[in-house]
**Q** 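Take a look at this one; I'll ask things after.
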Amino acid sequence: MTPTPSLDDHRAPSRPAAARRVLSRPHATPTTTGVRRLWDAASIASGLTPERLARVLRQVDEGEADAYLRLALEMEQRDAHYRAVLGTRKRAVTRLPVTVEAASDAAADIALADEVRALVRAPGFRAMLGQLLDGLGKGFAAVELRWDTSRTPWVPRDHRDPVSGDRVRGYAWIDPRWFRDDRRDGRTLRLRDDAAPLEGLPLPPYRYLIHAPELMSGPALGRGLARVAAVAYMAKRYALKDWLAFAEVYGMPIRIGKWGPSATEEDIATLVSAVANLGSDAAAAIPEGMHIELVQASAAGAGDQVFARLAEWADRQISKAVLGQTASADGTPGALGNQQAQDEVRDDIRDADAEELADTLNRDLVGAYLALNHGPIDPEAAPAIVIRAKAPEDIRALSEALAALVPLGLRVEASVVRDRLGIPDPAPGEGVELLGRGGAATGD
């Protein structure tokens with residue numbers, strides 16, 4: 001999927017007024033009517049049946065994704081388990097350390113990396129990561145960049161619109177239903193608009209972060225976790241509905257009222273009313289000579305367990321689809337046999353998600369920032385955002401290895417060692433800093 005034009009294919013817009021006004025204002029704005037409605041009460045999950053689900057998924061294959069994206073949203077809103085495991089997968093990535101690596105130890109490259117580090121530290125960046133990871137469930141996610149052009153460098157940050165005075169968010173999640181795939185290539189995203197409700201409008205450069213996780217091969221919408229979890233979600237809805245109906249019948253004892261041959265019509269009416277209200281009032285007044293018998297209903301072979309097992313099965317399928325295992329979500333051992341092995345599978349998924357997210361940020365955020373503020377830059381000289389779990393570093397082993405190998409001629413950049421040890425970079429200098437006898441030396 002190639003949702004946005006390559007930054008290398010566009011020249012940075014000129015600095016004067018036109019570019020400033022365009023980049024500082026929202027691009028994808030909602031309306032009360034039309035194709036980008038802010039409020040939409042339509043529901044797909046309500047009354048979901050196998051036939052309706054099949055129709056929704058078939059529409060995705062035909063290029064119409066509105067119903068599927070609505071269902072994906074409702075699944076998160078309505079199913080606590082799906083929401084929990086999907087949130088776990090997202091937070092596993094958003095809580096990882098985010099670092100910026102300079103292209104080299106050259107002063108110019110370090111200065112560029114420092115600018116990107118300022119982007120990473122700015123308010124809203126972490127929340128934006130979670131918004132992009134919404135693509136895990138739906139297949140893709142879009143976040144609009146709203147640049148503050150009132151000062152330099154231009155960066156996406158919250159600011160006031162210079163004309164209306166309204167608050168403008170630097171990063172704004174955009175409803176995926178406002179986009180559609182290009183009908184010619186089936187991959188490039190276009191923004192739906194009343195002027196082009198079917199074809200959509202091309203996305204302008206430097207305005208969007210588009211994250212489409214490669215969870216499997218194929219079109220982006222077919223890769224979303226909501227699609228594979230939808231059948232288990234529907235089965236669980238059926239199980240819960242039938243379980244509640246079962247509980248209504250078998251969860252309360254049957255109330256039987258008995259009267260004698262001398263009871264009047266008024267007495268019988270009083271008894272019937274007392275039996276009907278006994279379940280909620282837990283008390284009843286009846287004429288003398290009448291009585292109420294409570295008979296505990298039999299659950300005929302523990303039929304309630306059928307519904308419980310079906311609901312639990314559905315949750316396990318969702319856990320497998322989202323987390324790759326069931327032990328951490330359901331507290332039961334899975335097919336992998338032990339907790340350690342299952343944790344490793346989840347770590348693999350987390351690391352893959354983090355790597356893909358970093359690729360998206362480097363393409364759409366870092367690339368746009370550099371192009372707007374510095375013009376065309378050789379990709380080899382561009383700093384890179386890295387999202388990666390840090391394994392505990394064995395400082396003693398590393399120090400002993402360096403102490404033994406550097407004197408023998410091993411050339412090691414000082415920045416690499418500093419990154420391994422978590423030591424900040426020194427003030428920019430000329431050349432590439434190398435480790436050597438007596439401390440750091442400047443290489444040629």
Side-chain angles (χ1 to χ4, degrees), residues 1-15 19-20 22-28 93 98-104 106 108-122 124-133 135 140-149 151-157 169-174 179 182 185 187-191 202-214 220 353-388:
M1 180 173 180
T2 309
T4 55
S6 169
L7 294 173
D8 295 335
D9 296 338
H10 299 269
R11 296 180 59 188
S14 57
R15 285 280 183 176
R20 183 176 294 111
V22 168
L23 289 170
S24 64
R25 294 182 181 178
H27 178 254
V93 177
V98 180
T99 59
V100 179
E101 295 182 353
S104 73
D109 291 342
I110 292 176
L112 286 179
D114 286 339
E115 291 187 41
V116 176
R117 290 186 184 107
L119 278 180
V120 171
R121 291 192 300 266
F125 180 85
R126 286 283 179 179
M128 175 267 291
L129 298 184
Q131 292 168 351
L132 288 178
L133 289 171
F140 77 94
V143 171
E144 184 181 343
L145 295 170
R146 295 170 180 175
W147 303 87
D148 182 359
T149 61
R151 43 191 163 165
T152 57
W154 291 359
V155 296
R157 65 161 67 93
R169 289 284 187 186
Y171 300 104
W173 176 84
I174 304 300
F179 298 90
D182 187 289
D185 62 24
R187 299 176 301 156
T188 305
L189 285 188
R190 299 173 70 90
L191 181 67
L203 303 185
Y206 318 126
R207 293 308 299 267
Y208 290 95
L209 307 175
I210 304 294
H211 185 53
E214 294 281 347
D353 289 343
E355 215 172 278
E356 290 185 338
L357 183 60
D359 288 343
T360 294
L361 295 173
N362 288 319
R363 181 194 66 210
D364 293 346
L365 178 60
V366 176
Y369 171 84
L370 294 177
L372 289 173
N373 290 287
H374 298 282
I377 290 181
D378 182 353
E380 296 296 326
I385 290 177
V386 177
I387 306 175
R388 183 183 301 136

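Hydrogens, waters and symmetry mates play no part in the numbers below; they use all other heavy atoms, side chains included. Being a predicted model, the structure only gives us computed values, none of them experimental.
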**Q** Are Arg146 and Ser24 packed together at the side-chain level, in the sense that at least one heavy-atom pair is separated by less than 4.5 angstrom?
**A**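 Arg146 vs Ser24: side chains apart.
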**Q** Can you see which heavy atom on Asn362 is nearest to which on Ile385, and at what distance?
**A** OD1-N, 2.6 Å
**Q** Thr99 versus Val120: any side-chain heavy-atom pair under 4.5 Å?
**A** no
**Q** What are the two closest heavy atoms between Leu23 and Trp154, and how far apart are they?
**A**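 Result for this residue pair: CD1-CZ3, 3.6 Å.
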**Q** So for atom CZ, which belongs to Arg388, do other residues, nucleotides or ligands contribute more than 12 heavy atoms lying within a distance under 6.0 Å?
**A** no
**Q** Check whether Ser104 reaches the backbone of Ala106 with its side chain - one donor and one acceptor, N or O, closer than 3.5 Å.
**A** yes
**Q** Suppose we screen for side-chain hydrogen bond (donor to acceptor under 3.5 Å, both in side chains). Which residues come up paired with Asp148, at least two apart in sequence or across chains?
**A** Ser150, Arg151, Arg157
**Q** Between Arg207 and Leu145 (side chain of the first, backbone of the second, donor and acceptor by atom type, cut-off under 3.5 Å), is there such a pair?
**A** yes
**Q** Are the side chain of Asp109 and the backbone N or O of Pro383 linked by a donor-acceptor pair below 3.5 Å?
**A**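 Answer holds: no.
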**Q** For Ala103 and Ala382, which heavy atoms make the closest approach, and how far apart are they?
**A**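 The pair with the smallest heavy-atom distance is CB-O, 4.0 Å.
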**Q** Without swapping roles, check the side chain of Glu214 against the backbone of Glu356 for a donor-acceptor pair under 3.5 Å.
**A**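 Pair absent, no side-chain N/O of Glu214 close to backbone of Glu356.
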**Q** Might you confirm whether atom CZ of Arg25 has over 12 heavy atoms from other residues, nucleotides or ligands at distances under 6.0 Å?
**A** yes
**Q** Got a donor-acceptor contact below 3.5 angstrom from the Arg363 side chain to the Ala368 backbone?
**A** no
**Q** So, for Ala354 and Val93, which heavy atoms are closest and what is the spacing to 0.1 Å?
**A**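 It is CA-CG1, 3.9 Å.
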**Q** Salt bridge between Glu115 and Arg117, side-chain N to carboxylate O under 4.0 Å?
**A** no
**Q** Please assess Tyr208 against His27 for the test side-chain hydrogen bond (donor to acceptor under 3.5 Å, both in side chains), listing each intermediate value before the final yes or no.
**A** CA-CA 10 Å; Tyr208 290 95; His27 178 254; 2.6 Å; yes
**Q** Can a donor-acceptor pair be found, under 3.5 Å and without considering hydrogens, that links the side chain of Asp364 to the backbone of Gly367?
**A**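 It does not hold such a pair.
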**Q** On the 0 to 90° scale, with breaks at 30° and 60°, tag the Phe125-Tyr171 ring pair as parallel, tilted or perpendicular.
**A** perpendicular
